[in-house]
Amino acid sequence: KSTEKYGKFQSEDPEKDEKSHEGEGTQCGNGDSPFVRLVAVYGMNNCNVMRAEALEAQQNYMLYVDAFGDASAYLTEQVREYAATGDKQYYDNYWYEVNTAKNREKNVALLQELGLTVEEQAMINSISATSNNLIPIEEEAMEWTAKGNTTKAIGILYGEEYSAGV
């Protein structure tokens, strides 16, 4: 016959109860029980998953920042190539990136999905504004190129004002 006491079943005979649980203290007390091992393994697996997710987010952050920089550098490259050669393909590539591909904007959105801090968002906003502020200068250079004055266009794209924003 047994009774429930403090969530454990115990016999009414304390001596019998002590003998039936001999060795249990060492098994449960030092973490060797299957339940304790299961909880520990679950905890370690959960920790490993969280660490892997954090590492992946960090890698994605770097990937998106690099991709944003690459898209901005691509615009500079295309406008400078157009100014130097007058080849309309570079002009078209530039405007395709600005108006259609929008890789800078896509990567900013991906960064925001990762959950930027206030400081990171401010930095992204500043970099985006700097990149966007180059567009009027690039447009002016492209106008000079279209008029046949590549010297003036190249001067603008390698000038102090433009270089400060690149």
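Note that this is a predicted model, so its numbers are computed, not measured.
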Next on the checklist: Contact between Tyr61 and Asp66 at the side-chain level, heavy atoms closer than 4.5 Å - yes or no?
Outcome noted: no
Checklist entry - Got Tyr64 and Gln59 here, is their nearest side-chain heavy-atom distance under 4.5 Å? => result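 A side-chain contact under 4.5 Å is absent here.
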If two hydrophobic side chains count as joined below 4.5 Å and joins carry through other members, does [X] share a cluster with [Y]?
X	Y	answer
Tyr158	Leu134	yes
Ile127	Leu75	no
Met123	Val166	no
Leu114	Val108	yes
Val118	Leu116	no

About how many Å separate [atom2] of [Y] and [atom1] of [X], when rounded to the nearest 0.5 Å?
X	Y	atom1	atom2	answer
Thr85	Arg80	OG1	CZ	14.0 Å
Glu143	Lys152	CD	NZ	12.0 Å
Ser128	Asn133	OG	CG	10.5 Å
Gln112	Leu110	CD	CG	9.5 Å
Asp87	Gln78	CG	CD	9.5 Å
Asn93	Tyr74	CG	OH	3.5 Å

How close do [X] and [Y] get, heavy atom to heavy atom, and via which atoms?
X	Y	value
Ile137	Ile156	CG2-CG2, 3.5 Å
Glu120	Gly115	OE1-O, 4.4 Å
Thr145	Ala153	OG1-CB, 3.2 Å
Met142	Tyr91	SD-CD1, 3.5 Å
Thr130	Gly165	CG2-O, 3.3 Å
Ser131	Arg104	OG-NH1, 2.7 Å

Next on the checklist: With a sphere of 6.0 Å drawn around NZ of Lys106, does it hold more than 12 non-hydrogen atoms of other residues, nucleotides or ligands?
Outcome noted: yes
Checklist entry - Is atom CD of Gln58 surrounded by more than 12 heavy atoms (other residues, nucleotides or ligands) closer than 6.0 Å? => result no
Checklist entry - Does the pair Glu139 and Trp95 meet the rule for a side-chain contact (heavy atoms from CB on, under 4.5 Å), with working shown? => result CA-CA 10 Å; Glu139 288 176 316; Trp95 288 111; 3.3 Å; yes
Item to check | Residues Tyr94 and Glu138: side-chain donor-acceptor under 3.5 angstrom | outcome: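 Side-chain D/A pair, Tyr94 to Glu138: present.
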